[in-house]
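Okay, so here's the structure we're looking at.
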Amino acid sequence: MKKNREILLCDLDAFFASVEQRDNPALRGKPVIIGGNPEGRGVASTCSYEARKYGVHSAMPMKKAITLCPDAIILRGRMSRYKEVSNQVMKIFERFTPEIEPVSIDEAYLAVGKGEGISVGHSIHDAVKKELELPMSVGVSTNKLLAKIACELAKPDKVESLWIDEIKERLWPLPVRTLPGIGPAAERSLHQVGIKNVRDLALYPTGSLKRILGSYAETAHQFAQGLDSRLLEQQHEVKSISEETTFPEDIYQIEIMLSVIYELSEGVGFRLRATGLTARTVSIKLRYQDFRTITRSKTLPETIYSDSDIYQTAGDLFNNNCGKPPWRLIGVQVSGFEEGSQISLFNKLPNKEKEKDLMLTKDHLKRKYGSDIVFQGKRLVQKKDKPDYRKIRE
């Protein structure tokens with residue numbers, strides 16, 4: 001990244017739910033939750049701001065979400081549609097700068113010339129609003145950290161800036177959990193020693209902070225000063241495909257973790273097949289309560305591309321390396337791509353031919369009707385006089 005640049009973080013607000021409300025006007029103004037089966041072990045992927053008023057948030061078990069918001073409209077989600085809209089948003093970004101680092105399907109960092117950040121931020125915000133009818137928050141500053149915090153201050157659907165000379169006035173009074181990497185467990189530990197806001201953390205001795213935050217202490221201390229040396233990482237050739245989620249609350253149940261791993265594996269598998277490639281290596285990323293983060297990988301003798309194969313390997317990696325709960329982040333990644341292996345593999349294994357045909361049909365239906373129009377049988381829950389939580393609006 002060039003010097004003398006300003007950084008923007010553009011974040012589409014409640015993206016999945018916003019797309020559903022835009023595509024179906026009957027959903028506008030209604031509490032919408034995108035997530036798994038409420039009768040099973042599904043979790044909420046995201047929800048509209050109307051649902052958030054009831055305390056619903058991402059990664060919350062669907063049973064709890066329904067309890068908090070019984071009138072919610074539950075949708076399984078249409079990942080292919082969300083990716084299509086995400087690509088449209090990225091095309092808008094490219095009109096303003098080639099320096100783009102996608103963070104996720106609904107979020108990206110951009111770099112522009114010094115002094116241009118606020119005007120470009122408003123132009124991008126207005127373009128997304130006018131052309132795609134979607135809400136987006138934009139944060140502007142001189143580094144990633146302050147751009148991210150400015151983006152949080154901008155929510156929902158505004159443009160906000162935060163500069164280094166405003167740190168003491170605007171950043172320091174904010175709760176310590178405002179800083180990236182400070183979750184509920186760390187916040188409780190910091191509160192026990194009197195660290196309530198960012199100012200308290202900035203003035204706390206780094207050496208003593210290590211006893212609370214471990215290896216993350218130095219980074220957290222730098223962040224509290226508004227300092228961040230991370231550069232934009234622009235994507236070129238795709239060498240891996242991954243999806244991950246950070247939980248708002250630490251997770252203690254293995255069943256919930258495996259459920260999330262399965263949903264991540266489905267997303268990774270769908271994207272992998274869309275590239276026309278197969279993968280030989282499956283990896284997981286796991287973060288514990290104390291911020292310790294590990295990655296574990298397994299390279300397979302044959303390449304794979306099915307959701308079930310990805311999940312089986314990722315699930316085994318988790319079970320063998322999960323350690324003691326709680327956990328705060330999980331990710332699934334595939335790499336080691338090969339071309340043409342998909343056809344040759346299934347030609348060698350005639351008994352896999354039906355699975356191949358089923359997978360291709362499944363992807364076709366997902367692209368046409370939404371990402372969860374079909375799914376693995378083991379995700380089905382038998383119903384016996386159970387209520388249908390999906391709200392149908394005429």
Side-chain angles (χ1 to χ4, degrees), residues 12-21 23-24 26-79 82 106 135 152 155-156 175 177 182-188 243-267 287 289 318 322 325-330 370-373 375-394:
L12 291 152
D13 297 324
F15 179 47
F16 296 175
S18 294
V19 171
E20 297 295 346
Q21 290 177 319
D23 290 355
N24 182 0
L27 299 177
R28 295 175 186 176
K30 307 290 177 59
V32 175
I33 302 175
I34 312 296
N37 191 338
E39 293 299 319
R41 295 171 176 168
V43 295
S45 298
T46 189
C47 62
S48 67
Y49 277 91
E50 292 84 0
R52 295 183 189 189
K53 295 177 182 179
Y54 293 85
V56 180
H57 56 69
S58 62
M60 173 180 285
M62 287 297 292
K63 287 185 178 179
K64 182 176 180 181
I66 290 297
T67 300
L68 292 173
C69 188
D71 293 328
I73 301 167
I74 309 301
L75 301 176
R76 287 293 307 171
R78 301 179 294 159
M79 187 56 67
Y82 307 147
D106 59 353
E152 291 299 316
K155 290 184 179 296
R177 193 174 173 181
I182 305 296
E187 182 182 41
R188 288 192 293 269
E243 295 196 4
E244 67 179 47
T245 185
T246 300
F247 305 111
E249 299 177 356
D250 294 338
I251 302 298
Y252 288 81
Q253 298 88 353
I254 288 179
E255 294 81 2
I256 290 180
M257 293 295 288
L258 290 175
S259 177
V260 174
I261 290 172
Y262 193 88
E263 300 220 0
L264 294 175
S265 298
E266 284 190 316
R287 182 167 297 155
Q289 183 184 39
F318 173 75
C322 60
W327 305 282
R328 65 190 321 268
L329 175 148
I330 184 66
S371 65
D372 215 63
I373 187 68
F375 47 85
Q376 295 292 345
K378 64 181 174 181
R379 294 175 62 195
L380 289 170
V381 177
Q382 291 184 347
K383 296 183 179 181
K384 183 178 181 181
D385 298 327
K386 291 182 179 179
D388 182 0
Y389 285 95
R390 186 186 295 267
K391 309 294 184 181
I392 306 298
R393 305 287 181 176
E394 295 183 358

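The residues of the chain are indexed from 1 along the displayed sequence. Computed over heavy atoms, backbone and side chain alike; hydrogens, waters and symmetry mates excluded.
Taking CD1 from I33 and NE2 from H57, the interatomic distance works out to 11.0 Å, rounded to the nearest 0.5 Å. If you take CD1 on I256 and CD1 on I261, they are separated by 12.0 Å, rounding to the nearest 0.5 Å. Note that CZ of R52 is 14.0 Å distant from CG of L68, once rounded to the nearest 0.5 Å.
Residues forming a side-chain contact (heavy atoms from CB on, under 4.5 Å) with E244 (at least two apart in sequence, or on another chain): K285, L329. Residues passing the salt bridge (charged side-chain N to carboxylate O under 4.0 Å, His left out) test with D106: none are found, sequence neighbours excluded. E152 pairs by the side-chain contact (heavy atoms from CB on, under 4.5 Å) definition with K155, not counting sequence neighbours. Residues meeting the side-chain contact (heavy atoms from CB on, under 4.5 Å) test with P175, sequence neighbours left out: T178. Applying the ring-ring contact (aromatic ring centres under 6.0 Å, His included) rule to F15 yields no partners; only residues at least two apart in sequence or on another chain are considered. Listed by chain and number, the residues in a side-chain contact (heavy atoms from CB on, under 4.5 Å) with P326 are D250, Y252, Q289 (sequence neighbours excluded). Evaluation of the side-chain hydrogen bond (donor to acceptor under 3.5 Å, both in side chains) rule for R287 yields T293 as partners, not counting sequence neighbours. For the ring-ring contact (aromatic ring centres under 6.0 Å, His included) test, residues two or more places apart in sequence or in another chain that qualify with F318 are W327. With sequence neighbours left out, the side-chain hydrogen bond (donor to acceptor under 3.5 Å, both in side chains) criterion links S48 to E50.
Under the salt bridge (Lys or Arg N to Asp or Glu O under 4.0 Å) test applied with E20, the options R78, K30, R76, R28 reduce to a single match, R78.
Contact check for M62 versus I74: side-chain heavy atoms found under the 4.5 Å cut-off. In this structure, V260 and F247 have side chains that are in contact, with non-hydrogen atoms separated by less than 4.5 Å. The side-chain heavy atoms of P184 and R177, taken from C-beta on, include a pair separated by under 4.5 Å. Using a 4.5 Å heavy-atom threshold, the side chains of I34 and Y82 count as touching. Side-chain contact between E243 and E263: absent, with no pair of heavy atoms (C-beta onward) separated by less than 4.5 Å. In this structure, S58 and P248 have side chains that are in contact, with non-hydrogen atoms separated by less than 4.5 Å. Counting heavy atoms from C-beta on, the side chains of P156 and P135 never come closer than 4.5 Å.
For T46 against A17, the heavy-atom pair with the smallest separation is CG2-N, 4.0 Å. When all heavy atoms of L264 and I330 are compared, the pair lying nearest together is CD1-O, 3.6 Å. Considering all non-hydrogen atoms of both residues, A51 and V32 come closest at CB-O, 4.0 Å. Of all heavy-atom pairs spanning M60 and G55, the tightest one is CE-O, 3.3 Å.
Other residues, nucleotides and ligands contribute over 12 non-hydrogen atoms within 6.0 Å of the OH atom of Y49.
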